[in-house]
Amino acid sequence: MELSKTFDAAAAAGKWTSLWKERRYFNSTPDSRTPFTVVIPPPNVTGVLHMGHTLNETVQDILVRRARMQGLNACWVPGSDHASIATESKVVAMLKEKGIDKNTLSRAEFLEYAFQWKEKYGGIIYQQIEKLGCSVDWDRVSFTMDDHYYEAVIKVFVDLYNKGLIYRGARMINWDPAAQTALSDEEVEYKDVQGNLYYVRYQAVDNPEDYITVATSRPETIMGDVAICVHPDDPRYQHLKGKKVIVPLVNRQVPVIFDTYIDRSFGTGALKVTPAHDINDYNIGIKHHLEVIDTLNPDGTLSEAAQIFVGLDRFVARKKVVQQLQQNGLLIKEESYETRLGYSQRSGAVVEPRISTQWFVKMEQLAEPALKAVTQGAIKIHPGNRFMATYRHWLENVKDWCISRQLWWGQQIPAWYGPDGSLQVAATKEAALELFKANYPDIQPGDIRRDEDVLDTWFSSWLWPMEVFKGITEPENPEFKYYYPTSVLVTGQDIIFFWVARMIMAGLEYEQEIPFKDVYFTGMVRDKLGRKMSKSLGNSPDLIGLIDQYGADAVRFGIMISSPAGNDLLFDESSLEQGRFFNNKLWNALKLIKMWEQTEATEVDHSSTDFAGNWFQARLEQAKAEIQQLLEQFRLSEALKTLYSLIWDDFCSWYLEWVKPAYGQAIEQKTLQNTIAYFEQLLQLLHPYMPFITEEIYSLLGERSEALCVSTLAPATDFDSELLAQGELLKNVITQIRDARGKNNLKPKETIKLFIETTSSGKYEPLTAILQKQVNAEELKFTSEAITGCVVITLQQDKYYLELNQQIDVEAQKADLKSQLEYQHKFLNSVRVKLGNERFVQNAKPEVVELERKKEADALARIQTLEESLAVLG
RNA sequence: GGGAGUUUAGCUCAGUUGGUUUAGAGCAUCUGCCUUACAAGCAGAGGGUCGGGGGUUCGAGCCCCUCAACUCCCA
């Protein structure tokens, strides 16, 4: 069979994706094996996978594939979430383009459009997951708005309400005027912005000459002012006790109140109090029993209550108010001012603090066990405890969770209102009606109406690890009992509160069991300049484009090799290129071995191949143990680096060269078989990282009944460290001699004669054949005395004489040896200073002192060897 | 304003309880090679005193204090 010159990534990907699927390798059912369960963090149906997802899914696939090869029953559940705000706003925009106004549709009609939209665009992410090579169980695709899932969310709402953990109340909440919905605290992102501070004059009622100046960043809220607040000890305002001032533009008379809350150094030390539009003002308002005047509409325009500029957007109104104040001579000055503004994570609009009646989850009781689960070690966070402090801080200071959203796309809140506004919570209208009948025996279905709002998406996704196995709707089902708790959760550190902490709460509340044993947080993917990836910067590459260009294996390699555990990843396409080069390397190793298979087998001298094989065997076992340990610590990037170097350097550059027969000669059968076996093990180890090329090469290396992805990975065994040391010696000698050849401008084809002066020729015996071949020596002999006229190299106490067919540069040789000698003298000196220090000899551990003594002896021996070599050169 | 983290070669990072020689890797750089697996390659080489300062210790990249810069989280 003729192998193509290069690896065809696209062809291999297509072939293996369908073969894996056909053979149902990734479909899991409960059996007697230990389960290894992973639930995908469900991507948002509206989007496409970005580089952050790519990193995330790759990490999960590596863990899942490896677990599968270790004989565990691996189950990876794919899915997506309905992302209520983001999806609804996209659907609304889509309808608008069609000329349809959402408000003219019934709820049911709207949901039909939304589901159509989800079917059309939701599939894209699944295609991407597949193209990336993810070994998910496609029979288990879950969606947070599936029927059973919807039912689960309702069930949990009703249950928490009945337990007193959900309540409805009027609070100051974060309002998104663009999406026109409430947001939870976690959905608000704060950014520093340059704003203006306006100094506005409020005249005293009883004395037109007297006034108080207030600094405000939001002049458009003046119309909602109900008081001016100053510090009780502020000498500037003592005369205003019990007085009233006039609110500009609307001429309302409001009291001057006194409260120690005021920071006297800020602005003028006087605060205008607008309880409807600022959380702090709201609290002051409650304390001082002030009226609340809400001057804004839900869409961020000024309401009737504002009296002026009604209907204008808040930012437009701000300009108008400032203009008007200026005209009235009430604006003293304007100064620029650094402030922080809250932005909606979903719509990007500036969040408006607003008093609103919403549904909340009481968090305190749920938070406590969730904190314990992590602090007491039931759940381990990786890497290290980097996120422990953050997690703890949030849970110890947790605030109630606003879960209602003024949207249609989501689970509708199962609350029903009677004719008098009384409230009942029940899963169905029938059940609610029954509850109402206790007080209203004659009540009819038409008398009650359901709450219009839906629940926060996170109120559904916090049930994800349970409900994908129907753990809420059918808690006793055997699948749930088998797969839950899941093994590892891999996610971004940015959703530690939104999602991770809440899943832990839900798991402990409903199953009295943690949802996962390990949490692995990946960093954020940035561009190579360290900037966040964003659409506006245009620095976010298209995943499918990258896969088409480099192949999925190279993309996975590139993203993993540059992804230190938990750290942000600076994404650079050159790492993908490195991945492609690695593909090429693997492919060529295959080609070489295939070539050997085709040459006629003969009896050949195997003195060199025996050592090479034994050495590589030991090296392989050593690396396997290292990789095993690194993966247990979730150090996936380092494990890949180890593997990369094992394959490229140890296997290709050293081992294959050592066993490579001379041109035209055949390889010994046993060596060939061993080589294939080593290669297979390497492919197995690499498979979780680069699934396609490893499958392809594995299938070409021999006849297979099963694919590589379900082959069993043998655990690491003991290895002979003596062999490894000999291998190191051999590599060192080869490198040094090659270096000397280079320095003397020898062409690769020019041969040398090599003489080794050593007191332990035994250790060289198994190495000589390889050594001779690798440094192109026509002759290799041991000698007991110095040989003149040669290039001299020393390694430890051994000397190597290289006889060349040309004049050697004696001065350069001498200079080289002298610099080494100088190095040794300096080193010896530093060791002797240490050993000369009595306190060191007394205090340091005996083995440390012993080690220093050995260093001293080694250095002395090296110095002697070097001096002798110098003497030979004359 | 509060908290967490980071700072080691040009770049990205390792460096486990302080002592295995004068700190490692990959990429990049430089030199020499078109050697029939691979120029998407091969063979070599150079490069850092571990952010600054102080301290503890026989001994500090690692522990303590302090300053600085950057990142993130929270208010």
Side-chain angles (χ1 to χ4, degrees), chain A residues 3 5-7 185-186 189-190 279-280 340 342 384-394 397 493-494 496-497 523-524 526 528-530 554 561-572 574-575 577-596 629-630 633 635 637-638 640-642 644-645 648-649 652-653 656-657 660 663-664 734-743 745-749 774-776 823-824 826-831 833-845 847-852 854-856 858-859 862:
Chain A
L3 285 172
K5 185 164 162 49
T6 53
F7 170 63
D185 293 343
E186 288 72 30
E189 282 172 355
Y190 291 89
I279 180 68
N280 299 307
R340 277 177 81 81
N385 282 342
R386 187 180 301 195
F387 302 105
M388 263 296 273
T390 320
Y391 183 82
R392 175 195 289 272
H393 185 265
W394 188 75
N397 297 282
Q493 50 187 274
D494 49 333
I496 184 165
F497 311 131
M524 197 186 296
R526 299 168 176 276
K528 65 178 166 185
L529 301 174
I561 202 83
S562 50
S563 181
N567 279 2
D568 283 356
L569 169 153
L570 304 192
F571 180 78
D572 185 347
S574 67
S575 66
E577 206 172 28
Q578 197 190 342
R580 199 172 51 185
F581 295 168
F582 190 34
N583 274 345
N584 187 243
K585 191 70 185 176
L586 291 161
W587 190 250
N588 276 293
L590 171 72
K591 274 163 64 180
L592 178 65
I593 292 168
K594 283 284 154 189
M595 223 175 71
W596 290 345
Q629 202 183 3
L630 288 168
Q633 298 166 353
R635 298 168 78 162
S637 185
E638 286 180 55
L640 177 58
K641 282 176 183 165
T642 304
Y644 178 73
S645 160
W648 197 301
D649 302 330
C652 293
S653 295
L656 288 179
E657 293 299 331
K660 187 190 263 182
Y663 182 62
I734 292 171
T735 303
Q736 291 235 30
I737 294 176
R738 282 175 176 168
D739 185 31
R741 288 181 57 113
K743 280 179 181 155
N745 299 314
L746 242 64
K747 296 267 177 289
K749 280 180 180 155
Q774 295 297 294
V775 300
N776 197 14
Y823 173 97
Q824 289 299 330
K826 268 169 81 180
F827 175 63
L828 177 65
N829 195 44
S830 75
V831 174
V833 165
K834 228 179 204 181
L835 286 168
N837 185 336
E838 264 181 53
R839 289 201 288 177
F840 168 72
V841 180
Q842 281 165 10
N843 294 330
K845 280 180 262 175
E847 57 266 34
V848 173
V849 178
E850 199 41 53
L851 198 67
E852 291 301 316
K854 185 170 183 308
K855 285 185 199 170
E856 183 187 31
D858 286 352
R862 284 286 294 145

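It should be emphasised that the depicted structure is a prediction, and the values quoted were computed from it without experimental measurement. Within every chain, numbering begins at 1; the chains are lettered A, B, ... in the order of the sequence lines, protein sequences first and strands thereafter.
Taking side-chain N and O atoms only, K855(A) has a distance below 4.0 Å to OP1 or OP2 of U20(B). In terms of phosphate contacts, W648(A) brings a side-chain nitrogen or oxygen within less than 4.0 Å of OP1 or OP2 of C42(B). R738(A) has no side-chain polar atom (N or O) that falls below the 4.0 Å cut-off from OP1 or OP2 of C33(B).
At the heavy-atom level, K854(A) lies nowhere under 4.0 Å from the strands shown. Counting non-hydrogen atoms under 4.0 angstrom, S645(A) reaches nothing in the nucleic acid. Residue K743(A) is classed as having no contact, given no heavy-atom separation below 4.0 Å to the nucleic acid. Within 4.0 Å of Y823(A), counting heavy atoms only, lies at least one base atom of the nucleic acid. Residue Q578(A) is in sugar-phosphate contact alone, with no base atom involved, counting any heavy-atom pair closer than 4.0 Å across all strands shown. When heavy atoms are screened at a 4.0 angstrom cut-off, T735(A) is found touching the sugar-phosphate backbone but no base atom. Base engagement by K585(A) is indicated by at least one non-hydrogen atom pair under 4.0 Å involving a base atom. Within 4.0 Å (heavy atoms only), E189(A) reaches no atom of the nucleic acid at all.
Counting to the nearest Å, the P atom of G5(B) and the CG atom of D494(A) are 20 Å from each other. The CZ atom of F582(A) sits 13 Å away from the C1' atom of G26(B) (whole-angstrom rounding). Between D568(A) atom CG and U7(B) atom P there is a gap of 13 Å when expressed in whole angstrom units. To the nearest angstrom, P of U36(B) lies 13 Å from CG of L592(A). As rounded to whole Å, 6 Å separates atom C1' of C38(B) from atom CG of N584(A). Rounded to an integer number of Å, the gap from N745(A) CG to G44(B) P is 16 Å.
When the P atom is compared between A45(B) and G26(B), the two are found 12 Å apart, to the nearest whole Å. Straight-line distance between the C1' atoms of G46(B) and U29(B): roughly 9 Å, to the nearest whole Å. A gap of 14 Å separates the C1' atoms of U8(B) and G47(B), to the nearest Å. Distance check on atom P: C72(B) versus C30(B) gives 35 Å, rounded to whole Å. For the P atoms, the distance from C62(B) to G19(B) is 11 Å, rounded to whole Å. When the C1' atom is used for both U17(B) and C33(B), the distance is 48 Å, rounded to whole Å. The same atom, P, is picked in U35(B) and in C27(B); the two are 23 Å apart, to the nearest Å. Taking atom P in both U31(B) and C13(B), the straight-line distance is 29 Å, to the nearest Å.
Closest to the L570(A) side chain, of the nucleotides U12(B), A40(B), U20(B), is U12(B). The M595(A) side chain lies nearest to A37(B) when the options are A37(B), U21(B), G15(B). Listed nucleotides: C13(B), A40(B), A37(B). Nearest to the side chain of K641(A): C13(B). Distance from the side chain of T6(A) is smallest to A40(B) among G19(B), A40(B), A37(B).
Looking only at distances, no side-chain donor or acceptor of R526(A) sits under 3.5 Å from a matching main-chain atom of F571(A).
A salt bridge is absent between E638(A) and K641(A): the closest approach of a Lys/Arg side-chain nitrogen to an acidic carboxylate oxygen does not fall below 4.0 angstrom. A salt bridge links D739(A) and K743(A); the closest N-O separation between the charged side-chain nitrogens and carboxylate oxygens is under 4.0 Å.
Side-chain to base pairing of Q774(A) with A43(B): no donor and acceptor N or O lie closer than 3.5 Å to each other.
If you check the side chains of R738(A) and Q774(A), you find a donor sitting under 3.5 Å from an acceptor.
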All N/O pairs under 3.5 Å across the protein-nucleotides 58-60 of chain B interface:
{"unit_1": "C58(B)", "atom_1": "O2'", "unit_2": "N837(A)", "atom_2": "ND2", "d": "2.8"}

### Summary
Pairs under 3.5 Å (Watson-Crick or G-U), crossing ones as [ ], inter-strand ones as |: RNA chain B comes out as (((((((..((((.....[....)))).(((((.......))))).....(((((..]....)))))))))))).
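Applying the 6.0 Å contact sphere to CD of E838(A) captures no more than 12 heavy atoms from other residues, nucleotides or ligands.
With the nearest nucleotide of RNA chain B identified for both A859(A) and K591(A), A859(A) has the one nearer the 5' end.
Taken from OH in Y644(A) to OG in S637(A), the straight-line distance is 12.5 Å, to the nearest 0.5 Å.
The aromatic rings of W587(A) and F7(A) sit tilted, their planes meeting at an angle between 30° and 60°.
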